Structure formats: structure tokens, C-alpha cells
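What's counted below: heavy atoms across the whole structure, side chains too, no hydrogens, waters or symmetry copies. Since we're looking at a predicted model, the values are computed, not measured.
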Amino acid sequence: TAFLNAPYAVEGEILFLIPPKVYVKTGLIKETEVWQVNKAIYGLKEAPLLWAKERDRRLKELTVKVPKVSGEGGEDRYHLCRLESDVNTWHILKEGKEGREGADKKVEGIMLTYVDDILVATTERLAKAFMQAIDDLWTCSPEDVVKIGSPPVNFCGIAIERTATGYFIQQRSYVKDLLKKHRLEDCNSTKILLDKETDDSEKIDEDSDEWKKWKESPEFLKQVREAQKIAGEILWLSTRTRPDLCYPIQRMTSLATKDPERAVKFGYRILRYLKGTEGYGLRYDNTEATKKKFKEVAEDWPQEVFDARR
């Protein structure tokens, strides 16, 4: 229903729909009646883009006023600035004396948007203020807060947990669903991604008549599709919370159209590895050691990388 918050505004187009026949049969409307579309109805090809434009327009205009924490009285003003490098990432900026366009604004947090899902990463005080401001714009479901001892909060299929020293993100639920899909819930797990036997299996001879005949067979295409399907499922993990899968998935995808039978074997080996490591993920520790490492690395990057607009 989020799309209905956006007007149907396509330049040079006016869209009409024929209402359901049941309305005519029940006498609610005349048979000749048609309806003009004024909102981005779900199912229209333009709807996702129209909603994204409307959402981003409203967020750009948003100004959040938060009472000062000191006893001086008054309020601080904040707004959002979308990054040039990622249109779904916004910096929460505190306005300085020169206002919204001033050069003295300061980054106070990050907001992520994905269709109608929103994640705010900042102080608890500021997060509450921004979520309340967003609730005033649109009707939203109650927000989940990442806290120590609380269940993980899911955002775009990634579970976010608060630990004593920082945060831990994982996709355990996705891994369980993946194993169930391939009927491997009770398989023998392994913690070795690619053993010598799997990686060094007999290489194919692409010049042989036998291989050329096999490549033209329906079974070959079936194997290619299976290999590509498994590779896509694992790739989703490797690009989010499981960088340990990057090398094996690269090996698998390179074989998907050359030797799909071997690629599928690679895929099932990786799935067995996931069975034994389903709790693995990325840990972000907010410790002095981590801050020191970040500072050392940051010195090697050009200053524009940390520009609030990027």
C-alpha cells in the first residue's frame, strides 16, 4: 500500500481503468463508467519509480527539530542529505548557524531506504525524533529497536543484533530456508569449503566430440540452469554478510556454463559448508582498538570520501 502515497504523475499520460464487473452487477456503478487513476496503484510498471520519487522528495524536504540536551533551552535542527554514491543512503545532518545550506553542518547518523522499509542508525534520542517525523508523513508500522538482549531486527533479509561491544549482522534465517529448499536440513555439514577432491576433479576437454554432443543436449541446459540458480542464491549471501564465500562462489560461477555438473557439485559443497557455519556473520566492535584502526585507515583516504554528500 506504500505506492498509494504517491500520485500517478506521468508526463503526457492520463490513465483510465475499467472497474471490476461485480460493481456493475451489484448496481454500484453504471456499465459505461471508467475510473481515472490518481495514485500509483500496485501492479503498474511505473508505480515503484513514482513511489521512490515521492518518498525521496518528502525526505529531502524534511526538517526535524529536537530540543537541546543542555539546559540552555532552544532546539537543534536536522535534515537529510542523500549520498551521491548511493541513492538509498542518507546522512542525517545537524544544521549549523548558517542553516541547511551552511558549510558547518555535521553528520549525526545514517538513514537507509529500501522501497517502504527504513533503517535509522544514530543516537536513540535522534532516532525517535526522526521516526516520529516519518510517522507524521506516512502511516507506518511500529518501529523495532536494536537492543542488547532483544531479538534481532530484520532489515532487507539481514538480522541485526546488538552485542556488548557493538553489532553483529547475520543471515541465519536465510541459510536455514536455503538448506530446506534443497532438502539439506539433515545433511552432514563441513567446515572445509572446497576440498582437494572437489576442486581438482577431472577437467573437461572442450574440443572432444563427446563434450560437444553433451553441450547440445537438453540435460546440459538443465544443469546450467540449476548451477546458475544455486550460484545466485549463494551470491546473495556472499555480497552481504558472508565474504568467506566470495572465492568458492567465483569458482562455481566460472564453471556454470562450461562444466555445469561440476559447478553444481561445488554448489552443494558450499551448502554443506553453510550447514556447519549457519551462525557466521559480520561483527562490528565499537572498541578503542577498532577506532584506532579506523583512524589509521582513514588517513590514507582522500578527504572527499568523507564528504557528507558522498
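Residues that satisfy the side-chain contact (heavy atoms from CB on, under 4.5 Å) test with Lys191, not counting sequence neighbours, are Thr277, Tyr280. With sequence neighbours left out, the salt bridge (charged side-chain N to carboxylate O under 4.0 Å, His left out) criterion links Arg225 to no other residue. Annotation: side-chain hydrogen bond (donor to acceptor under 3.5 Å, both in side chains) contacts of Thr89 (sequence neighbours excluded): Asp86. Partners of Asp56 by side-chain hydrogen bond (donor to acceptor under 3.5 Å, both in side chains), not counting sequence neighbours, listed by chain and number: Arg82.
In terms of hydrophobic clustering, with Ile, Leu, Val, Met, Phe, Trp and Tyr side chains grouped at heavy-atom distances under 4.5 Å, Val153 and Leu282 are assigned to a common cluster. Note on Leu112 and Ile158: same hydrophobic cluster, where clusters join Ile, Leu, Val, Met, Phe, Trp and Tyr whose side-chain heavy atoms are under 4.5 Å apart, directly or indirectly. Hydrophobic clustering of Ile, Leu, Val, Met, Phe, Trp and Tyr side chains at less than 4.5 Å, counting indirect connections, unites Leu137 with Tyr78. Note on Leu221 and Met252: separate hydrophobic clusters, where clusters join Ile, Leu, Val, Met, Phe, Trp and Tyr whose side-chain heavy atoms are under 4.5 Å apart, directly or indirectly. There is no path of hydrophobic side-chain contacts, each under 4.5 Å, that joins Leu126 to Val145.
Minimum interatomic distance between Thr26 and Tyr23 (heavy atoms only, all atoms of both residues): OG1-O, 3.2 Å. A pairwise comparison of heavy atoms in Val224 and Ala256 identifies CG2-O, 3.6 Å as the closest pair. Residues Phe220 and Pro260 come closest through the heavy atom pair CE1-CD, 3.5 Å. Nearest heavy-atom pair across Ala129 and Val66 is CB-CG2, 3.7 Å. Arg272 and Cys187 make their closest contact through CG-SG, 4.1 Å (heavy atoms, listed as atom of the first residue, atom of the second, distance). The two atoms that bring Glu54 and Pro7 nearest to each other are OE1-CD, 3.8 Å, heavy atoms only.
At distances below 3.5 Å, not a single donor-acceptor pair connects side-chain atoms of Arg240 with backbone N or O atoms of Gln170. Checking side-chain atoms of Lys275 against main-chain N and O of Asn188 turns up no donor-acceptor pair under 3.5 Å.
Contact of the Lys295 side chain with the Lys292 side chain is not registered, since no non-hydrogen atoms from C-beta on lie closer than 4.5 Å. A 4.5 Å side-chain heavy-atom check between Ile110 and Ile92 finds every atom pair outside the cut-off. Within the 4.5 Å cutoff, the side chain of Pro152 has no heavy atoms near those of the Ile160 side chain. Looking only at side-chain heavy atoms (C-beta outward), Met111 and Leu119 stay at 4.5 Å or farther from each other. The side-chain heavy atoms of Ile230 and Ile234, taken from C-beta on, include a pair separated by under 4.5 Å. Side-chain contact check for Thr113 versus Arg55: some heavy-atom pair is nearer than 4.5 Å. Residues Arg283 and Tyr167 have side chains not in contact (no heavy-atom distance under 4.5 Å, counting atoms from C-beta outward).
For residues 152-179, the set of pairs meeting the salt bridge (charged side-chain N to carboxylate O under 4.0 Å, His left out) definition, not counting sequence neighbours, comprises Lys176-Glu278.
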Give the table of side-chain donor-acceptor pairs shorter than 3.5 Å for residues 29-51, with sequence neighbours excluded, one pair per line with atom names and distance.
| from | atom 1 | to | atom 2 | distance (Å) |
| --- | --- | --- | --- | --- |
| Glu33 | OE2 | Trp35 | NE1 | 2.9 |
| Trp51 | NE1 | Val115 | O | 3.0 |

Under the side-chain contact (heavy atoms from CB on, under 4.5 Å) criterion, do Arg242 and Leu274 qualify, and how do the steps go? CA-CA 10 Å; Arg242 297 297 299 269; Leu274 288 173; 3.6 Å; yes

What's the verdict on side-chain contact (heavy atoms from CB on, under 4.5 Å) for Val120 and Met131, showing C-alpha distance, side-chain angles and the deciding distance? CA-CA 8 Å; Val120 179; Met131 292 312 298; 3.6 Å; yes

Take Arg58 and Lys53 through the side-chain contact (heavy atoms from CB on, under 4.5 Å) test and state the conclusion after the steps. CA-CA 9 Å; Arg58 301 291 293 274; Lys53 287 182 176 179; over 6 Å; no

Apply side-chain contact (heavy atoms from CB on, under 4.5 Å) to the pair Glu108 and Thr123, showing each step before the final yes or no. CA-CA 8 Å; Glu108 298 283 350; Thr123 63; 5.8 Å; no

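With rounding to the nearest 0.5 Å, the separation of CD1 in Ile169 from CZ in Phe155 is 12.0 Å.
Checking Asp244 against Tyr273 by side-chain atom types alone, a donor-acceptor pair falls below 3.5 Å. No side-chain N or O of Thr290 forms a donor-acceptor pair with one of Asp285 less than 3.5 Å apart. When only modelled atom types and interatomic distance are considered, His182 and Glu233 share a side-chain donor-acceptor pair under 3.5 Å.
Here Glu226 does not pair with Lys222 in a salt bridge; the nearest charged N to carboxylate O distance is not below 4.0 Å. One finds no salt bridge joining Glu261 and Lys265 here, because no Lys/Arg side-chain nitrogen approaches an Asp/Glu carboxylate oxygen to under 4.0 Å.
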